[in-house]
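Notes follow once the structure below has been shown.
These numbers come from a predicted model, not from an experiment.
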Amino acid sequence: LLAILTTLILSVAIVRVMNLELIGVDDANILFVYSKHLATGEGLVYNIGGEHVEGFSSMLWMLVAAFGYLLSNQPSILLFALNVLLVGSAMAYAWQTIDSRLPAAHNGGARDDNQIASLSGLVFLGWMAANPSYFIWTVTSLMETGLWAALLLSTVVLCLRMIIDDDTGPWRLVGFTILNMSLLLTRPEGMAWVLYFLAVLLLVFRWQGKSFSSLARDWLIVAAACGICITTLILFRLYYFGYPLPNTYYAKMTPDKLYDLRFGLIYFVQFMAMNWLAIILILAAVGVAGRYLPASIGTLIQGEKRLDRYQLGRFFMASAALVGILLPILMGGDIFGAFRFFQPVWPLLILTVLLLPVPKLIRQTRALSIAGVIVICVA
């Protein structure tokens, strides 16, 4: 409730301070036209009776907005409220994981250190609240970024829970599958993220000591479900629009990958220049991923537990943060301000650091803990 309330207060404050109208940015308005025409039976077209061009990036968010038009002629308030619930709930899910799992990660399996849990939760909430751009893009823009950020954070946290709890039970695999299918339907780069998460699931299965033959059933079921989802989406696009990816992708990407990489690197450097504390967290993620990468590869190949579950969790969080940083670079960055493509990675950066072992002095010194929260929030 506190995470949702924080999201609501900050988002409303942004609307008031920036004197925004809840109509969304221009890309959201384009998607709303498609949604309205679908809801009124005109089909997925921008102009009624016009050609079929997929001028929006997110099929799932378009369907959500179309449902909103079935309920109201002006669904902006509904979509704003939905974004608040999605983003706030994903933050709450991460926060609850911090409170329940991080003490064990810091204390060799014991879960009785409430102070470090509450400290980490405050740091996480402070980190999120200190970045208004996150809420601008995930809530007030009314674009698919809110849905995307919530799905990405939830999938990462679910994977972290499966690793730390050493539990890949049927219900968790069902949730994992649904989240990955939703990522595929939300943005084109969901395909890259799903491949990454499937690799992580394979690593976790191998860490649990399963042979390739025994893990094939569960892993293949998840992979097949995701494969059927993306294949169906691509076939529909080919049938209805004539292209396998949205027109927005073709308008943005160029045949010259070095050209895209150059602008992506410029985008990344500008992001770091505007968010100097993120530089430290990115370097920490690089250090953690580099430290545990050889053992993780050995586990994947040989199935031996070369890492304990907390070390494996740290490697996963660090690698997830780096994947989130790398993809916008490879995509050539973005023309919008406030670094839209990097905002969904914002919570992953702090989660990577919160998983690191905390010195006993900090855990036991309340004054130092409170001072640490203040410094991080101010920074």
Side-chain angles (χ1 to χ4, degrees), residues 1-16 18 20-32 34-35 56-69 71-72 74-95 124-125 127-158 178-190 193 246 248 324 327-328 334 336-351:
L1 289 175
L2 184 57
I4 293 174
L5 184 61
T6 301
T7 303
L8 176 61
I9 292 174
L10 290 173
S11 300
V12 171
I14 288 168
V15 171
R16 296 295 299 274
M18 298 182 66
L20 300 177
E21 295 185 18
L22 284 183
I23 58 174
V25 299
D26 52 357
D27 280 24
N29 299 155
I30 295 172
L31 180 141
F32 292 162
Y34 283 91
S35 299
F56 54 92
S57 300
S58 176
M59 183 65 71
L60 184 56
W61 186 242
M62 185 279 302
L63 293 174
V64 171
F67 182 75
Y69 274 102
L71 302 176
S72 170
Q74 299 292 333
S76 298
I77 296 296
L78 295 176
L79 296 175
F80 177 86
L82 178 60
N83 277 338
V84 169
L85 289 175
L86 287 172
V87 173
S89 297
M91 287 172 52
Y93 186 42
W95 191 351
F124 175 76
L125 187 63
W127 175 258
M128 300 304 296
N131 179 25
S133 297
Y134 183 84
F135 301 95
I136 289 174
W137 279 117
T138 60
V139 180
T140 64
S141 71
L142 301 187
M143 292 177 63
E144 77 281 354
T145 315
L147 175 63
W148 172 255
L151 288 171
L152 184 60
L153 178 57
S154 298
T155 309
V156 168
V157 173
L158 177 59
I178 293 174
L179 286 170
N180 276 274
M181 292 171 66
S182 299
L183 288 171
L184 291 171
L185 295 173
T186 302
R187 284 196 59 84
E189 60 264 36
W193 274 107
T248 52
L327 285 179
D334 187 36
F336 287 108
F339 306 101
R340 172 178 60 136
F341 283 169
F342 283 134
Q343 294 309 322
V345 192
W346 190 258
L348 307 187
L349 292 173
I350 195 64
L351 287 175

Verdict with supporting geometry, L184 and W193, side chain to side chain contact (heavy atoms under 4.5 Å, CB included): CA-CA 9 Å; L184 291 171; W193 274 107; over 6 Å; no
Identify the two heavy atoms, one from P347 and one from F124, that lie closest to each other, and give their separation to 0.1 Å.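 So the minimum-distance heavy-atom pair works out to CB-CE1, 4.0 Å.
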Shortest non-hydrogen contact between G324 and P328, atoms and distance: O-CD, 2.9 Å
Side-chain polar contacts of residues 74-93 - donor-acceptor pairs under 3.5 angstrom, sequence neighbours left out - could you list them?
| from | atom 1 | to | atom 2 | distance (Å) |
| --- | --- | --- | --- | --- |
| S76 | OG | L22 | O | 3.0 |
| N83 | ND2 | V139 | O | 3.2 |
| S89 | OG | L85 | O | 2.6 |

Under the side chain to side chain contact (heavy atoms under 4.5 Å, CB included) criterion, do I136 and S141 qualify, and how do the steps go? CA-CA 6 Å; I136 289 174; S141 71; 5.6 Å; no
Kindly compute the distance separating [atom1] ([X]) from [atom2] ([Y]), expressed to the nearest 0.5 Å.
| X | Y | atom1 | atom2 | answer |
| --- | --- | --- | --- | --- |
| S57 | I30 | OG | CD1 | 9.0 Å |
| R340 | S133 | CZ | OG | 13.0 Å |
| L185 | M59 | CG | CE | 8.5 Å |
| D27 | M143 | CG | CE | 4.5 Å |

Kindly state each residue pair satisfying salt bridge (charged side-chain N to carboxylate O under 4.0 Å, His left out) with at least one member in residues 75-90, sequence neighbours excluded.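 Those involving residues 75-90 do not exist here.
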Pair listing, salt bridge (charged side-chain N to carboxylate O under 4.0 Å, His left out) test, anchored in residues 140-158, at least two apart: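 Only E144-R187 qualify under salt bridge (charged side-chain N to carboxylate O under 4.0 Å, His left out).
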Not counting sequence neighbours, which residues clear side chain to side chain contact (heavy atoms under 4.5 Å, CB included) with L1? List them please.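 Listed in chain order: nothing, the list is empty.
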Starting from the C-alpha separation in whole Å, work towards a yes-or-no answer on side chain to side chain contact (heavy atoms under 4.5 Å, CB included) for D334 and F339. CA-CA 7 Å; D334 187 36; F339 306 101; over 6 Å; no
All N/O donor-acceptor pairs, side-chain side in residues 145-155, below 3.5 Å, sequence neighbours left out:
| from | atom 1 | to | atom 2 | distance (Å) |
| --- | --- | --- | --- | --- |
| S154 | OG | A150 | O | 2.8 |
| T155 | OG1 | L151 | O | 2.7 |

Considering only distance and modelled atom types, tabulate donor-acceptor pairs under 3.5 Å from the side chains of residues 6-15, sequence neighbours left out.
| from | atom 1 | to | atom 2 | distance (Å) |
| --- | --- | --- | --- | --- |
| T6 | OG1 | L2 | O | 2.7 |
| T7 | OG1 | A3 | O | 2.8 |
| S11 | OG | T7 | O | 2.7 |

Got a donor-acceptor contact below 3.5 angstrom from the Q343 side chain to the N131 backbone?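 Absent.
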Donor-acceptor contact present, side-chain W61 to main-chain L142, <3.5 Å: yes
Check: F336 ring centre within less than 6.0 Å of W137 ring centre: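 Yes: the rings meet the under 6.0 Å criterion.
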Checking ring-ring contact (aromatic ring centres under 6.0 Å, His included) between W346 and each of F135, Y134, W127, which is the one that passes? W127
